[in-house]
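Report on the following structure.
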Number of protein chains: 2
Amino acid sequence: MNKPQITIKDIARELGVSPSTVSRALKDNPDISQETREAIHKYAREHNYKPNALALNLRTSRSNTIGVIIPQLVHHFFSCVLSGIEETAAKAGYNILVAQSNEKYEQEVKIVHSFLAARVCGVITSLAKDTSQYDHYQELLDNNIPIVFYDRICTGINTERVVVDDYAGSFSAVEYMIQTGCKRIFFYSAAPHLEISKNRRNGYLDAMKKYKIPVNESMIKFCDTREQAIAITPDILERDDRPDGFFAINDETASGILYSCKLVGLKVPDEVSICGFTDGAIAQSTDPKLTTVEQHGKEVGKSTIDILIDKIEENTNTRSVNKIIRTNLVVRGTTK
Amino acid sequence: MNKPQITIKDIARELGVSPSTVSRALKDNPDISQETREAIHKYAREHNYKPNALALNLRTSRSNTIGVIIPQLVHHFFSCVLSGIEETAAKAGYNILVAQSNEKYEQEVKIVHSFLAARVCGVITSLAKDTSQYDHYQELLDNNIPIVFYDRICTGINTERVVVDDYAGSFSAVEYMIQTGCKRIFFYSAAPHLEISKNRRNGYLDAMKKYKIPVNESMIKFCDTREQAIAITPDILERDDRPDGFFAINDETASGILYSCKLVGLKVPDEVSICGFTDGAIAQSTDPKLTTVEQHGKEVGKSTIDILIDKIEENTNTRSVNKIIRTNLVVRGTTK
DNA sequence: TTGTAAGCGTTATCAT
DNA sequence: ATGATAACGCTTACAA
């Protein structure tokens, strides 16, 4: 029942050779005679020999492991990113250590230290909403551990970054709404200090500007959940100058807007257009289905890990890269 | 800039003591004199000494790491489970290695082997839809690595299991539909060989039986995605004996049913009731919102890791545990 | 109270 | 063509 893992020494003893011979034979070193090599391979196969990664790790001071920090695991976009990372990492033979910061700076610091202790070969991370200090990341760099940031990137230190093209995604969504007849589009944003809020806001503003549509502050709301949207939208719809379009920072919020519009009897998309951001499961399940900006989280993940592996294996000291993953507008039923 | 990690030997050399003294001092062994101990601690602190986990791992043949297999990362329920696992594991000082099987048996086998190579202390897993052989898991057990299965459990080998109370969830959902007037309820199931399919089917059957409602095989369909639901439901709705209720294996499928019903002009819930399973983001965003069975994924995760850590640390050879996490019905707009 | 030495499993270096 | 030895960083009998 309980067969403990067999080691090189075991093989050596059984076959009456030295451990070094076994080691060499196992990696097909041509120094070893055909005969010996085959015998060793055969024995290893039959006894299900597996090299002890722990020993290898110690020898090489490398763990073949990549640390991944996720602000929140239960989140469509982040799941996609993680999935992209996992797939590529697995193919390349790396294991991934996953930890979530829960948007807390303190937690993030702890995770980084645990990654340091585990001697990860590299780290992929997205900042917690909380984080505004970067010493812990600098510590990684000081230990020669490369970092790639995604989505919530860090401009405070010198590393690689992968972001979604929020600006362009936002611009083209708003432009599309304008082109299909919207004249008064509101923007529901997340916390204003976040990069994504700024970039999407700029895309919105620039699209409006391009078509010479006036915007004032009352048209931009801090609202990034379904509940909030349901709370604030009815009032907005009662105004004389009610909006004929809404651009929301995520699908959740857009679904809340949609709900509110239908509740007061407005026809979507005939009387009001709505556009979200993410293209998660929600977007397919509203009625009508949501027009939204697709974020390609999986590609973000794929890019981060590709860049990281490059860094790890080539150890190139090229200057840092900013990679931008394109977004694209998925037109469904909530816009004309 | 580049300060390499300092080792016990470094400290020993600098302080003119032996490595063993340093080792002992660092773990506050009372044998070491107050004075020496403090000096060593001080030096270690100042030079940011961190024990090399890789060396510890080799020494103890334990990696302090738990391997987690997830069928699909981009999936509400599984994200919740992973999140629960991560939180508890982090608190207990374990790192988690995450890998997704993508529902493929072959991938699952590869992952298990990579976990074996990484010398994980334990494994948490849910079977791929594909998997019907368990040798790879047996191999883990043979190496004394405990396993806890969650959700898609394996009854083929002797391990711990954590499941949601599919039977009761299913039973009470169907009972509720019956009590609110449904007389002819269809069940859309996942692959019949999966435990979850069997259990939910039994819940459905027993509820129907309790109220003496006849069921025949034509009322049970293998359909577990939105697309499939949209493909098969219209035909079903055209029958003379069309259903007045649908119980679906997940929210996605339920949202497809809802879509189809609305498309042919049936009123939900007046003419047709629909109930899903999961209570993810989708359930809140359909119109009307979905009645569904809440699964408590996070609790599932928490339980798996609790049980696993018990196994690892106590190494109790107690017989295996089946833990059942309660579900509860969330009544929203798609049922009366 | 402290030091010495062996060992975890592997491989690189230097013999033979 | 093969073997002996040392080393990766740490811990722990055992010795002093």
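Heavy-atom basis, side chains included; hydrogens, waters and symmetry copies ignored. Residue numbers start from 1 in every chain, and the chains themselves are labelled A, B, ... in the order their sequence lines are given, proteins ahead of strands.
- With respect to A/Arg161 and A/Glu195, no salt bridge is recorded, no charged nitrogen being found less than 4.0 Å from a carboxylate O.
- In terms of polar N and O atoms assigned as donor or acceptor, the side chain of B/Ser20 comes within less than 3.5 Å of the base of C/dT4 in a complementary pairing.
- If you take CD1 of A/Ile8 and P of D/dG3, they are 13 Å apart, rounded to a whole angstrom.
- OP1 or OP2 of D/dT2 has not a single side-chain nitrogen or oxygen of A/Thr21 nearer than 4.0 Å.
- Within the 4.0 angstrom heavy-atom criterion, only backbone atoms of the sugar-phosphate kind lie near A/Lys27; the bases stay farther away.
- Counting to the nearest Å, the P atom of D/dT11 and the CG atom of B/Leu26 are 8 Å from each other.
- When every heavy atom of B/Tyr137 is checked against every heavy atom of B/Ile157, the shortest pair comes out as CB-CD1, 3.4 Å.
- Within 4.0 Å of B/Thr36, counting heavy atoms only, lie sugar-phosphate atoms of the nucleic acid but no base atom.
- Heavy atoms of A/Asn52 sit under 4.0 angstrom from primed sugar atoms or phosphate atoms, though from no base atom.
- Separating the CG atom of A/Leu56 from the P atom of D/dG9 is a distance of 15 Å, rounded to the nearest angstrom.
- Comment: A/Lys311 engages A/Glu160 in a salt bridge, judged by a side-chain N to carboxylate O separation of less than 4.0 angstrom.
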> Which is it for A/Val162 and A/Ile325 under the side-chain contact (heavy atoms from CB on, under 4.5 Å) test, yes or no, and what are the steps along the way?
Replying inline: CA-CA 7 Å; A/Val162 177; A/Ile325 305 296; 3.8 Å; yes
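- The interatomic distance linking A/His47 (NE2) with C/dG9 (P) rounds to 17 Å, in whole Å.
- Residue B/Ser61 is classed as having no contact, given no heavy-atom separation below 4.0 Å to the nucleic acid.
- The side chain of B/Ser33 places an N or O atom within less than 4.0 Å of a non-bridging phosphate oxygen (OP1 or OP2) of C/dT2.
- With rounding to whole Å, A/Asn29 atom CG is found 11 Å from C/dT11 atom C1'.
- For C/dC8, the OP1/OP2 oxygens have a side-chain nitrogen or oxygen of A/Lys9 closer than 4.0 Å.
- Atom CG in A/Leu58 sits roughly 18 Å away from atom P in D/dA6 (whole-Å rounding).
- A/Arg24 contributes a side-chain N or O that forms a donor-acceptor pair with the base of D/dG3 under 3.5 Å.
- The aromatic rings of B/His75 and B/Phe78 sit tilted relative to each other, their planes meeting at an angle between 30° and 60°.
- The side chain of B/Ser23 places an N or O atom within less than 4.0 Å of a non-bridging phosphate oxygen (OP1 or OP2) of D/dT11.
- When the C1' atom of D/dG3 is taken as reference, atom CG of A/Asp31 falls 13 Å away, rounded to whole Å.
- At the phosphate of C/dT10, OP1 or OP2 sits under 4.0 Å from a side-chain N or O atom of A/Tyr49.
- Below the 3.5 angstrom threshold, one finds a donor paired with an acceptor across the side chain of B/Arg59 and the base of D/dC10.
- What separates CG of A/Leu54 from C1' of C/dC8 is a distance of 9 Å, to the nearest Å.
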